[in-house]
Amino acid sequence: MSKVNLITGGGGGIGFECAKKFVGEKLYITGRNEEKLSVKCKELRDLGVDANYKVSDISKPEEVEQLFEEITKEGDLGCVLNAAGISGVGVTGEKVFKIDLLGAKKVLDTTLEYATQNTVLILIASIMGYVVPPNEIYDKYLAEPDLEGAYKVLKFYLDDPNQAYNFCKRGNHLMVTKFAMDFGAKGARLLSISPGIIETPMSAAAMEEASEIMNQMLAITPIGRFGKPEEITNTVEFLKGEKASFITGSDILIDGGLLHQMIK
């Protein structure tokens with residue numbers, strides 16, 4: 001059976017740039033803005049990607065379930081890239097939680113349900129997940145945010161939306177570690193990528209809101225610049241392929257060396 005690939009949040013930013021690496025493959029991109037998805041699909045087809053789109057919001061479990069049910073009628077799952085996400089700029093911590101962590105967990109669960117041999121799920125996390133220290137109380141719920149009472153336990157840490165972003169990205173790291181064995185039992189792989197500061201609309205918004213902090217981070221980045229989207233996409237292209245067949249349960253840092261300068 002042919003393979004079908006999926007990128008959530010594929011209508012812009014890192015997700016759309018990664019979609020360009022699926023030339024000759026069947027790919028669905030998703031997001032909440034149908035007009036934007038339609039335009040991006042045409043661009044991808046012009047590049048040789050067999051691209052289609054579905055309007056879907058990962059913070060709504062029923063839409064995720066419907067999405068996977070529909071696309072897997074066209075083939076076995078190949079690569080699923082969860083690039084849907086928001087920063088803490090201009091939103092509540094609860095919204096960050098629902099999209100960046102609870103939504104990511106739903107994508108993980110549904111990918112696992114439909115996974116076949118050589119399916120790979122890649123979560124777009126962040127280096128900011130590493131600034132949150134391990135803690136037995138909240139780590140349990142960050143790894144399984146759909147557990148009963150999770151939000152009640154985590155709410156204290158999520159009240160500040162920027163801190164919520166960091167906690168949710170730690171949750172992405174923990175989910176990869178926790179569920180890698182479940183994926184392996186189906187012959188599938190589970191990974192995350194933690195970008196540093198990448199030149200996207202999301203980072204541009206962060207620069208406007210917190211330029212002093214962003215410039216401080218730039219100053220301690222050993223490479224001496226922000227990352228380019230293609231520096232993420234090249235890694236995705238490698239990780240989704242056979243050459244990365246022994247890589248699972250891991251987070252891949254792509255940060256120009258920033259993280260270790262931040263936490264040393």
Side-chain angles (χ1 to χ4, degrees), residues 1-60 62-86 99 103-104 106-108 110-111 113-124 188-189 191-193 195 198-205 227-245 252 254:
M1 194 173 185
S2 62
K3 292 283 187 179
V4 60
N5 305 287
L6 170 66
I7 299 179
T8 68
I14 288 173
F16 176 67
E17 293 302 318
C18 289
K20 297 175 183 178
K21 295 295 186 179
F22 288 79
V23 172
E25 300 181 57
K26 181 175 286 295
L27 173 69
Y28 276 88
I29 61 172
T30 73
R32 292 173 291 177
N33 185 322
E34 182 168 10
E35 182 179 355
K36 185 177 183 180
L37 289 170
S38 178
V39 170
K40 294 300 184 180
C41 248
K42 183 179 185 307
E43 290 182 37
L44 292 170
R45 291 188 194 114
D46 289 343
L47 294 172
V49 181
D50 182 3
N52 302 273
Y53 72 86
K54 295 280 186 183
V55 176
S56 183
D57 182 345
I58 69 166
S59 70
K60 298 178 179 178
E62 67 282 1
E63 292 191 11
V64 176
E65 292 168 6
Q66 182 180 23
L67 168 66
F68 277 78
E69 182 181 355
E70 290 181 1
I71 70 170
T72 52
K73 291 175 182 177
E74 300 187 33
D76 291 336
L77 274 184
C79 176
V80 177
L81 176 67
N82 186 53
I86 58 174
I99 295 175
K106 184 61 182 179
V107 171
L108 186 154
T110 316
T111 300
E113 178 184 349
Y114 286 93
T116 59
Q117 188 73 26
N118 298 323
T119 296
V120 56
L121 170 61
I122 304 171
L123 304 177
I124 298 296
R189 296 185 293 123
L191 299 149
S192 60
I193 289 175
I198 309 299
E199 293 177 353
T200 64
M202 185 182 292
S203 66
K228 306 290 186 183
E230 56 266 28
E231 290 170 315
I232 305 298
T233 66
N234 291 337
T235 303
V236 169
E237 183 178 31
F238 168 70
L239 290 175
K240 74 184 183 69
E242 292 183 4
K243 292 182 179 179
S245 59
I252 312 298
I254 311 176

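For T119 (side chain) and L77 (main-chain N/O), a donor-acceptor pair under 3.5 Å exists by modelled atom type. No donor-acceptor pair closer than 3.5 Å links the side chain of S38 to the backbone N or O of E35.
Separating the OG1 atom in T72 from the OH atom in Y28 is a distance of 10.0 Å, to the nearest 0.5 Å. Taking OH of Y114 as the start and CD of E65 as the end, the distance is 8.0 Å to the nearest 0.5 Å. Separation of atoms CG (L191) and CG (L123) is listed at 8.5 Å; rounding is to 0.5 Å. Taken from CG in N5 to CG in L27, the straight-line distance is 6.0 Å, to the nearest 0.5 Å. Here CG of N82 is found 3.5 Å from OG1 of T8. Values are rounded to the nearest 0.5 Å. To the nearest 0.5 angstrom, F22 atom CZ is 10.5 Å from L44 atom CG.
Annotation: K26, atom NZ; neighbour count of heavy atoms from other residues, nucleotides and ligands within 6.0 Å is above 12. Within a 6.0 Å radius of CD in E34, no more than 12 heavy atoms belonging to other residues, nucleotides or ligands are found.
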Side chains of residues 9-18: which donor-acceptor pairs under 3.5 Å do they make with residues two or more places apart or in other chains?
from: E17; atom 1: OE1; to: K20; atom 2: NZ; distance (Å): 3.2
from: E17; atom 1: OE2; to: K20; atom 2: NZ; distance (Å): 3.4

For residues 236-244, tabulate all N or O donor-acceptor pairs below 3.5 Å that involve a side-chain atom, not counting sequence neighbours.
from: K240; atom 1: NZ; to: E25; atom 2: OE2; distance (Å): 2.8

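Of the candidates I71, L37, L6, L67, L67 is the only one forming a side-chain contact (heavy atoms from CB on, under 4.5 Å) with S56. Exactly one of E69, E63, E70 qualifies for a side chain to side chain donor-acceptor pair (under 3.5 Å) with Q66. That residue is E70.
S59 and I99 get closest at one heavy-atom pair: CB-CG1, 4.0 Å.
Residues I7 and K21 are not in side-chain contact: their nearest non-hydrogen atoms beyond the backbone lie 4.5 Å or more apart. Residues P195 and I193 have side chains in contact (heavy-atom distance under 4.5 Å, counting atoms from C-beta outward). Residues S192 and I122 are not in side-chain contact: their nearest non-hydrogen atoms beyond the backbone lie 4.5 Å or more apart. Side chains of V80 and V107 form a contact here, defined as non-hydrogen atoms less than 4.5 Å apart. Two residues are said to be in side-chain contact when any heavy atoms from C-beta on lie closer than 4.5 Å; D57 and V55 fail this criterion.
Applying the salt bridge (Lys or Arg N to Asp or Glu O under 4.0 Å) rule to K228 yields the partners E199; only residues at least two apart in sequence or on another chain are considered.
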message = Quick one, K40 with I29, criterion side-chain contact (heavy atoms from CB on, under 4.5 Å). Give me CA distance, side-chain angles, the key distance, then yes/no.
response = CA-CA 9 Å; K40 294 300 184 180; I29 61 172; 4.1 Å; yes

